[in-house]
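The block underneath contains the structure these notes are about, expressed in structure tokens.
We number each residue from 1, following the sequence as shown. Whatever order the structure lists them in is the order used to number ligands and atoms, beginning at 1.
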Amino acid sequence: MLARLDAVFGGRVEERVALTSLTTFRTGGPADWVLETSDPEDLVAAVRVTRELAVPLTVLGGGSNVLVGDGGVRGLVLRMRHGRIATAGPTGVRADGGVTINGLARWTIQRGLAGLERWAGTPGTVGGAIRGNAHFDGRLLGDMVTAVGLVDRDGTVSRAARVEMGFGYDESRVQHTGELVLWAEFLVAPGERGALRARARESLAFRKRTQPLDHASAGCVFQNPRPEDGPLPEDVPRSAGALVERAGMKGRRVGGAVVSPVHGNFIVNEGSASARDVRRLIELCRTAVLERFGVELREELVYLGEWPTESGSRRPQPGCGNEDG
Ligand SMILES: Cc1cc2nc3c(=O)[nH]c(=O)nc-3n(C[C@H](O)[C@H](O)[C@H](O)COP(=O)(O)OP(=O)(O)OC[C@H]3O[C@@H](n4cnc5c(N)ncnc54)[C@H](O)[C@@H]3O)c2cc1C
């Protein structure tokens with residue numbers, strides 16, 4: 001298997017790689033094989049060869065929205081890093097899937113292009129942000145997108161316009177189709193560099209004030225509840241963090257995992273947390289909010305890999321591998 005992967009990727013595939021160093025939560029077991037690449041063509045090749053070999057394929061960007069199980073990830077993990085950024089006509093910018101959102105924001109600011117500067121400081125890559133339709137301060141990244149390059153699980157490459165992407169809150173079509181993001185184009189407009197820098201600095205300062213950036217985490221654990229999830233008391237905002245806080249869970253701990261005292265929707269790894277610790281704490285928060293407010297919170301973060309049970313069996317997480325990024 002490794003010989004075939006090596007033949008396709010020129011010996012760049014590494015074996016038994018710890019995923020603690022490739023995810024911001026710093027939990028989880030090893031991956032069987034990891035390929036780091038900036039080239040969307042490698043992503044297409046990976047889809048085709050893993051399909052041919054019937055090996056699971058998992059794509060990681062910045063690893064800033066995932067919780068990897070303690071059993072690790074079977075098959076090939078493709079880690080998208082860096083990539084090309086270029087203008088696409090007078091009002092567009094195209095970035096490869098592995099480009100960081102932060103790097104893209106910086107690139108546009110330096111060239112006096114407005115639209116993405118408020119996304120400065122958002123961890124992760126273009127690919128991860130498109131999949132989850134990243135949000136910040138009431139804005140959805142999908143609103144800035146004009147088109148996305150995709151490869152499906154058969155290896156067929158296509159281009160989708162924004163209206164075809166199924167963007168919603170924490171939602172895009174690739175979550176349902178299993179397609180992978182090769183690149184995305186964003187709408188930009190001429191802007192004054194000083195003003196753009198000031199807006200970026202505001203975003204960074206807001207993050208610093210409201211998020212526990214000095215600890216390992218995967219950002220917000222839960223999605224904010226939608227109106228259809230049920231009514232809330234008038235004085236309670238539709239914010240998962242507020243619900244977790246008002247359910248008395250801020251500061252609650254399981255092993256090395258703690259509900260951040262700074263932000264109720266962040267669980268932080270104080271250094272020694274296992275993925276199981278984090279998951280138990282997530283369940284405690286969900287139960288506390290359900291009992292107090294009658295609302296069942298859904299995860300924003302994505303579970304990947306295997307989750308060994310107490311009896312020693314290794315339960316694969318549904319939705320990981322070839323079916324879902
Ligand atoms: C401190 C902190 C602050 C955060 N703040 C925010 C915030 O303000 N707003 C927000 O929305 N999120 C926030 N997050 C969460 C996270 O940064 C975003 O969800 C980000 O968009 C994830 O991108 P990623 O590249 O790290 O994805 P990963 O974590 O690597 O992957 C997430 C999912 O996307 C899939 N994926 C990755 N690349 C691709 C690809 N090329 N094609 C298809 N699927 C792919 C993965 O398989 C996985 O299912 C924060 C996280 C942290 C740690």
Distance under 4.0 Å to a non-hydrogen atom of [X]: what atoms of ligand 1 satisfy this?
{"X": "L213", "answer": "1 (C)"}
{"X": "Q211", "answer": "3 (C), 5 (N)"}
{"X": "N65", "answer": "15 (C), 16 (C), 19 (O), 22 (C), 29 (O)"}
{"X": "F136", "answer": "8 (O)"}
{"X": "L60", "answer": "30 (O)"}

- prompt: Looking at F9, does the NZ or CZ of R4 lie under 6.0 angstrom from its six-membered ring centre and within 45 degrees of the ring axis?
  reply: no
Judging by distance only, is a nitrogen or oxygen of [X] under 3.5 angstrom from one on ligand 1?
{"X": "G63", "value": "yes"}
{"X": "V181", "value": "yes"}
{"X": "T125", "value": "yes"}
{"X": "G62", "value": "yes"}

Any idea which of [options] brings a heavy atom closest to [atom]?
{"atom": "atom 20 (C) of ligand 1", "options": "G132, P123, G121", "answer": "P123"}
{"atom": "atom 46 (C) of ligand 1", "options": "L43, L140, V59", "answer": "V59"}
{"atom": "atom 38 (N) of ligand 1", "options": "G178, G83, A134, G128", "answer": "G128"}
{"atom": "atom 18 (C) of ligand 1", "options": "S64, C220, A129", "answer": "S64"}
{"atom": "atom 48 (C) of ligand 1", "options": "V66, T100, T24, L301", "answer": "V66"}
{"atom": "atom 30 (O) of ligand 1", "options": "G124, G127, G61", "answer": "G61"}
{"atom": "atom 9 (N) of ligand 1", "options": "H135, E300, R207", "answer": "H135"}

query: Does a side chain donor of either H176 or E171 reach within less than 3.5 Å of an acceptor in the other side chain?
result: yes
query: Does a donor on one side chain sit under 3.5 Å from an acceptor on the other, for R26 and S21?
result: no
message: Would you say that W107 contacts L113 through its side chain, given a criterion of any heavy-atom pair below 4.5 Å between the two side chains?
response: yes
R51 and R153, any side-chain heavy atoms less than 4.5 Å apart: no
field: Backbone of G121 reached by a side-chain donor or acceptor of N102 within 3.5 Å
entry: yes
- request: Kindly assign one of parallel, tilted or perpendicular to the pair H135 and Y169, based on the angle between their ring planes and the thresholds 30° and 60°.
  value: tilted
task: Can you measure from CH2 (W33) to CG (L5) and round to the nearest 0.5 angstrom?
output: 6.0 Å
- prompt: Mind checking what makes side chain to side chain donor-acceptor pair (under 3.5 Å) contact with S172, not counting sequence neighbours?
  reply: none
field: By ring pair (Phe, Tyr, Trp, His ring centres under 6.0 Å) - contacts of H215 (at least two apart)
entry: none
